[in-house]
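Encoded as structure tokens, the structure appears first; notes follow it.
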There are 2 protein chains.
Amino acid sequence: MRALTALSERSVPTVSSEELAAAAGVNSAKLRKDFSYLGSYGTRGVGYDVEYLVYQISRELGLTQDWPVVIVGIGNLGAALANYGGFSARGFRVAALIDADPAMAGKPVAGMSVQHTDDLEKIIEENGVSIGVIATPAGAAQQVSERLIAAGVTSILNFAPTVLSVPEGVDVRKVDLSIELQILAFHEQRKAGEEAAAAAAGGSSVGGAAPAAAVVPPAGRSAAETRKGGPEGDVPAVMPA
Amino acid sequence: MRALTALSERSVPTVSSEELAAAAGVNSAKLRKDFSYLGSYGTRGVGYDVEYLVYQISRELGLTQDWPVVIVGIGNLGAALANYGGFSARGFRVAALIDADPAMAGKPVAGMSVQHTDDLEKIIEENGVSIGVIATPAGAAQQVSERLIAAGVTSILNFAPTVLSVPEGVDVRKVDLSIELQILAFHEQRKAGEEAAAAAAGGSSVGGAAPAAAVVPPAGRSAAETRKGGPEGDVPAVMPA
DNA sequence: AGGTGTGAAGGTGTTCACAGCC
DNA sequence: GGCTGTGAACACCTTCACACCT
């Protein structure tokens with residue numbers, strides 16, 4: 001979608017699956033197959049009409065609708081989200097900012113006036129909100145989610161570091177910022193391990209030029225097979241000590 | 001890992017793959033197979049020693065190390081990240097907060113003093129930082145990333161709404177907050193579509209009780225097969241108008 | 001000639017089911 | 001008897017390759 005939008009902005013009229021795939025960094029066959037699930041929107045010998053394709057995909061993804069959302073918990077994170085430009089650009093409209101702190105009520109954040117939690121139900125109903133964003137502290141999250149759901153919200157984006165328990169039919173997506181860092185740290189560790197291994201081995205490996213994006217299981221497979229000793233001071237399968 | 005930590009806090013000594021799988025919401029066979037890649041850390045007839053398993057997985061994931069990180073761009077989002085408790089809890093230490101605005105320099109955020117971009121290289125080198133977090137506006141992100149990388153950073157968590165281009169060997173993870181909302185909106189749209197379809201069909205479907213977590217391609221497959229008409233006012237494959 | 005749409009081949013990831021150990 | 005560790009079966013996803021359309 002990003003690649004398509006870029007083409008659209010450059011007023012490119014049509015793309016072949018090959019060109020678009022290259023721009024998006026994927027395989028052209030995959031792209032064609034994916035598009036085929038939406039329908040036959042291409043023209044053989046020509047390619048896909050960019051504008052038409054943008055429209056079809058947008059609609060399929062629900063981006064042609066305008067989704068009102070509320071943000072509950074206007075601390076640093078809530079304020080950051082309220083100011084985040086990406087939302088309005090993608091069809092989301094921040095209908096209200098809600099905080100439990102009476103001192104926050106009435107304060108202007110991102111050009112809106114913060115409202116108090118007391119009015120949560122009213123706000124949701126009046127604006128027909130079905131998506132709520134929780135940016136409260138962990139302790140408040142579960143309770144907030146219950147009130148949101150009771151008022152009619154059926155999708156929740158949860159930034160609080162808690163697992164919410166919600167009734168069936170309600171979607172929750174949890175954003176855990178530290179998990180992203182953990183993933184980076186994991187790869188960082190592997191980089192260090194590979195360097196060390198390479199240095200120790202002294203270059204006896206075959207094509208050891210640039211093992212950039214290694215994947216986990218296969219790498220340690222054979223090592224794991226042999227080392228079945230047990231729980232005493234042994235070495236991790238995927239990374240040499 | 002979350003499920004394990006919870007057990008550890010409740011001082012549960014051992015778990016079977018079955019119990020842990022239920023707690024984590026996954027299949028027990030998958031869990032055993034995944035663990036087997038790390039080694040044979042379980043005891044047949046008994047299960048896994050919780051503490052030992054926590055340690056092994058932590059080490060494998062690189063969580064036993066202390067990772068210094070810098071946050072560049074101390075606006076709302078940067079401040080929110082600096083205050084985010086989850087980082088220190090998972091072995092990350094915020095080594096410095098950096099902002100380009102001279103007015104920010106010296107200001108206290110999350111108990112630290114914000115430093116100016118001029119000192120970026122010095123800070124990175126002195127603290128041995130290999131992971132950087134970019135929370136600047138889109139326009140500054142690419143340049144910041146280049147300075148970070150030149151100074152020795154090899155992993156970047158990018159919150160700015162831009163695609164960074166970086167040399168090989170550098171990992172970038174992009175967090176796009178609006179994508180999460182888009183995913184919720186997509187499911188939300190499908191919920192609405194299903195309701196409408198159910199209402200229209202009047203209950204003639206077979207087991208139409210609760211099609212909670214539907215997946216995309218299969219659903220619209222047969223419909224897509226028949227509708228090959230072409231680009232005039234037709235209906236999306238996966239969602240009835 | 002150029003490029004889509006798609007059956008078929010090829011991979012990868014998941015689950016089953018059971019031998020083997022405690 | 002209970003539970004792990006793992007080959008084998010299975011399901012799903014990706015890629016190939018080519019018939020068919022413009």
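All of these numbers come straight from a predicted model, not from anything done at the bench. Chain identifiers are assigned alphabetically (A, B, ...) following the order of the sequence lines, protein sequences preceding nucleic acid strands; residue numbering begins at 1 within each chain.
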ask   = At under 4.0 Å, does any side-chain N or O of B:Y41 touch on OP1 or OP2 of D:dC3?
value = no

query = Is the phosphate of D:dT15, meaning OP1 or OP2, less than 4.0 Å from a side-chain N or O of A:K30?
reply = no

query = Taking atom types as modelled, is there a side-chain donor on A:R32 or A:S17 under 3.5 Å from an acceptor on the other?
reply = yes

query = If we ignore angles and hydrogens, is there a donor and acceptor under 3.5 Å between the side chains of B:Q56 and B:Y52?
reply = yes

Pairwise N/O distances under 3.5 Å, protein to nucleotides 18-20 of chain C:
unit_1	atom_1	unit_2	atom_2	d
C:dG20	N3	B:R44	NH1	3.4

remark   = The nucleotide from D:dG5, C:dC16, D:dC16 with an atom nearest the side chain of B:S40 is D:dG5

key: Test salt bridge (charged side-chain N to carboxylate O under 4.0 Å, His left out) applied to B:R90 - qualifying residues, sequence neighbours left out   = A:D176

query = What residues, two or more places apart in sequence or in another chain, satisfy side-chain hydrogen bond (donor to acceptor under 3.5 Å, both in side chains) together with A:Q182?
reply = none

task = Applying side-chain hydrogen bond (donor to acceptor under 3.5 Å, both in side chains), name anything that partners A:S155, two or more places apart in sequence or on another chain.
result = B:E188

note = Checking A:L164, A:I131, A:V144 against A:I156 for side-chain contact (heavy atoms from CB on, under 4.5 Å), the one that qualifies is A:L164

ask   = Can you list the residues that meet the ring-ring contact (aromatic ring centres under 6.0 Å, His included) rule with B:Y48, with sequence neighbours excluded?
value = B:F35

Could you give the [atom1]-to-[atom2] distance, from [X] to [N], as a whole number of Å?
| X | N | atom1 | atom2 | answer |
| --- | --- | --- | --- | --- |
| B:F35 | D:dG5 | CZ | P | 10 Å |
| B:D34 | C:dT14 | CG | P | 7 Å |
| A:L31 | D:dC13 | CG | P | 17 Å |
| B:D49 | C:dC22 | CG | P | 16 Å |
| A:E18 | C:dT4 | CD | P | 8 Å |

query = When you look at CD of A:E146, are more than 12 heavy atoms from neighbouring residues, nucleotides or ligands closer to it than 6.0 Å?
reply = yes

query = Taking for each residue the nucleotide of DNA chain D bearing the nearest heavy atom, is the 5' side occupied by A:T43 or by A:N27?
reply = A:N27

With 3.5 Å as the limit, what N/O pairs link the protein to nucleotides 8-12 of chain D?
unit_1	atom_1	unit_2	atom_2	d
D:dA8	N6	B:K33	NZ	3.4

task = Check whether any side-chain N or O of A:S16 sits under 3.5 Å from a backbone N or O of A:E19 as a donor-acceptor pair, and report yes or no.
result = yes

